[in-house]
Amino acid sequence: MREQVTEARRIVVKVGSSSLTTATGGLDASRVDALVDALAATQAEVVLVSSGAIAAGLAPLGLSRRPRDLATQQAAASVGQGLLMRAYNDAFARHDRVVGQVLLTVDDVTRRAHYRNAYRTLRRLLDLRAVPIVNENDTVATEEIRFGDNDRLAALVAALVHADLLVLLSDVDGLYTGDPSLPTSRAISDVRSPNDLANIDIRRPGKAGVGTGGMVTKVEAARIATTSGIPVVLTSAPQAARVLAGEEIGTLFHRLRERPQARLFWLAHATSPRGRLHLDAGAVQAVVRRHASLLPAGITAVDGRFAAGDPVDLVDVGGVPVARGLVNYDAAELPSLLGRSTLDLAAELGPAYEREVVHRDDLVLL
């Protein structure tokens with residue numbers, strides 16, 4: 001038995017579209033019921049990250065395959081999300097469990113106030129013995145849909161809720177050295193370091209064709225989670241009950257380090273920078289070595305168009321990103337402040353300009 005599973009008190013489970021729907025779209029009730037039965041049987045708190053909204057909306061809209069254009073994707077998600085939640089509500093009701101829908105965007109977990117609210121909502125749902133069902137807010141998202149699917153979201157949610165385990169369920173029963181359909185490929189039971197993934201071909205997409213992910217996104221999600229101190233099990237959806245019971249099936253990605261601060265973990269892995277701040281050598285040392293805040297005096301140039309509160313990359317004299325942080329000024333404000341001390345700025349422009357460009361509490365090293 002796997003102790004990482006049996007001792008977990010809070011588990012995030014991610015299930016892909018192909019594990020819930022038919023290839024032509026539409027939910028498969030028997031698959032939803034089987035997954036819910038497995039989740040309801042565990043004694044751990046469970047957060048479910050579920051794909052399937054877009055796929056579930058295909059058949060009702062008369063679409064034969066996943067659309068390529070964003071507007072139709074969002075229309076399908078709008079129809080499918082309600083159908084998906086109704087299916088989960090009915091299935092969990094058989095176990096006297098209540099579900100709660102939580103739709104997230106990147107801003108919900110990178111901006112400080114939004115992050116705290118997202119955590120409080122999920123925490124309160126778990127306290128009330130409800131099952132949070134998380135998805136990206138596909139009906140309004142733009143970059144999120146183009147990015148991929150919910151594998152990375154699941155890893156980031158696991159960090160957000162301080163999970164003890166992440167389980168990734170798909171249409172493949174584990175990680176293989178190559179195409180699982182080839183007799184020369186062998187299953188990998190444990191991944192303890194990035195070196196274990198050397199020379200492994202993971203480019204093959206999922207079989208069903210209704211989702212957007214493949215093994216690449218699952219391995220990336222496992223990397224994100226394990227570097228957040230969270231072990232990951234990868235297997236197929238029909239094996240969910242056995243995996244959650246602790247059986248040694250599928251692939252176990254062992255955690256690589258202790259858990260970092262969750263919000264900064266989101267900042268590093270869930271955001272795309274809106275601009276770049278070029279630092280002189282002294283500022284690089286202050287930020288990287290002394291973990292200090294970034295002040296105007298250490299900035300030599302500004303790239304991009306961003307507003308206060310947006311994520312920006314801090315780059316060294318060679319243009320290499322060394323950190324990412326939430327900036328306290330608009331891009332248009334910064335050029336006149338560069339190279340000047342906060343005391344001089346406050347004396348000339350007022351006390352509001354004594355603040356840091358990026359506070360150390362809103363900054364993560366890359």
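Model, not experiment: these values are computed from the prediction. We're numbering straight along the sequence, starting at 1.
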Apply the test side-chain contact (heavy atoms from CB on, under 4.5 Å) to residues R129 and R97: give CA-CA distance (whole Å), side-chain angles for both, the deciding distance (0.1 Å), then the verdict. CA-CA 7 Å; R129 296 194 70 252; R97 300 293 297 275; 4.0 Å; yes
Does Y329 have R355 sitting over its ring (NZ/CZ under 6.0 Å from centre, angle to axis within 45°)? yes
Could you give the distance from [atom1] ([X]) to [atom2] ([Y]), rounded to the nearest 0.5 Å?
X: L349; Y: R340; atom1: CG; atom2: CZ; value: 6.0 Å
X: L122; Y: L104; atom1: CG; atom2: CG; value: 6.5 Å
X: H254; Y: I230; atom1: NE2; atom2: CD1; value: 15.5 Å
X: T72; Y: I54; atom1: OG1; atom2: CD1; value: 10.5 Å
X: Q239; Y: D173; atom1: CD; atom2: CG; value: 6.5 Å
X: N328; Y: D362; atom1: CG; atom2: CG; value: 7.0 Å

So if I apply the side-chain contact (heavy atoms from CB on, under 4.5 Å) rule between [X] and each of [options], which one comes out positive?
X: T21; options: L58, L27, D28, L84; result: L27
X: L337; options: L345, T342, I299, D344; result: L345
X: S50; options: V32, L169, I133; result: I133

Answer yes if [X] and [Y] sit in the same cluster of Ile, Leu, Val, Met, Phe, Trp and Tyr residues linked by side chain heavy atoms under 4.5 Å apart, and no otherwise.
X: L156; Y: V102; answer: yes
X: Y353; Y: L343; answer: no
X: V287; Y: V315; answer: no
X: I224; Y: I200; answer: yes
X: L83; Y: L61; answer: yes

Is there a donor-acceptor pair closer than 3.5 Å between any side-chain N or O of [X] and the backbone N or O of [Y]?
X: T251; Y: I188; value: yes
X: D196; Y: R192; value: yes
X: T227; Y: R223; value: yes
X: D179; Y: S181; value: yes
X: R10; Y: V47; value: no
X: E247; Y: M1; value: no
X: S17; Y: G52; value: yes

Between the side chains of D127 and R123, is the shortest nitrogen-to-carboxylate-oxygen separation below 4.0 Å, so that they form an ion pair? yes
Hey, is D151 close enough to K218 for a salt bridge, meaning N to O under 4.0 Å? yes
If I compare all heavy atoms of [X] with all of [Y], which pair ends up nearest, and what's the gap?
X: A155; Y: L166; value: CA-CD2, 3.9 Å
X: L256; Y: S193; value: CD2-CA, 4.2 Å
X: A225; Y: V232; value: CB-CG2, 3.5 Å
X: V79; Y: P60; value: CG1-CB, 4.0 Å
X: A221; Y: L168; value: CB-CD1, 4.2 Å
X: A53; Y: Q81; value: CB-OE1, 3.1 Å

Apply the test side-chain contact (heavy atoms from CB on, under 4.5 Å) to residues V357 and V327: give CA-CA distance (whole Å), side-chain angles for both, the deciding distance (0.1 Å), then the verdict. CA-CA 6 Å; V357 177; V327 66; 3.8 Å; yes
Going by heavy atoms in the side chains, are [X] and [Y] under 4.5 Å from each other?
X: P311; Y: L326; answer: yes
X: L153; Y: V134; answer: yes
X: V358; Y: L277; answer: yes
X: H291; Y: L363; answer: no
X: L234; Y: M215; answer: yes
X: L39; Y: L48; answer: yes
X: L70; Y: Q73; answer: yes
X: E7; Y: L165; answer: no

Taking atom CZ of R360 as the centre, does the number of heavy atoms from other residues, nucleotides or ligands within less than 6.0 Å exceed 12? no
CZ/R94: more than 12 non-hydrogen atoms of other groups inside 6.0 Å: yes
side-chain contact (heavy atoms from CB on, under 4.5 Å) evaluation trace for R120 with N117: CA-CA 5 Å; R120 283 196 298 263; N117 188 56; 4.0 Å; yes
Check each of H278, R324, R276 against D313 using the side-chain hydrogen bond (donor to acceptor under 3.5 Å, both in side chains) test, and report the only one that passes. R324
Step-by-step side-chain contact (heavy atoms from CB on, under 4.5 Å) determination, L197 to L175: CA-CA 10 Å; L197 299 175; L175 180 65; 3.6 Å; yes
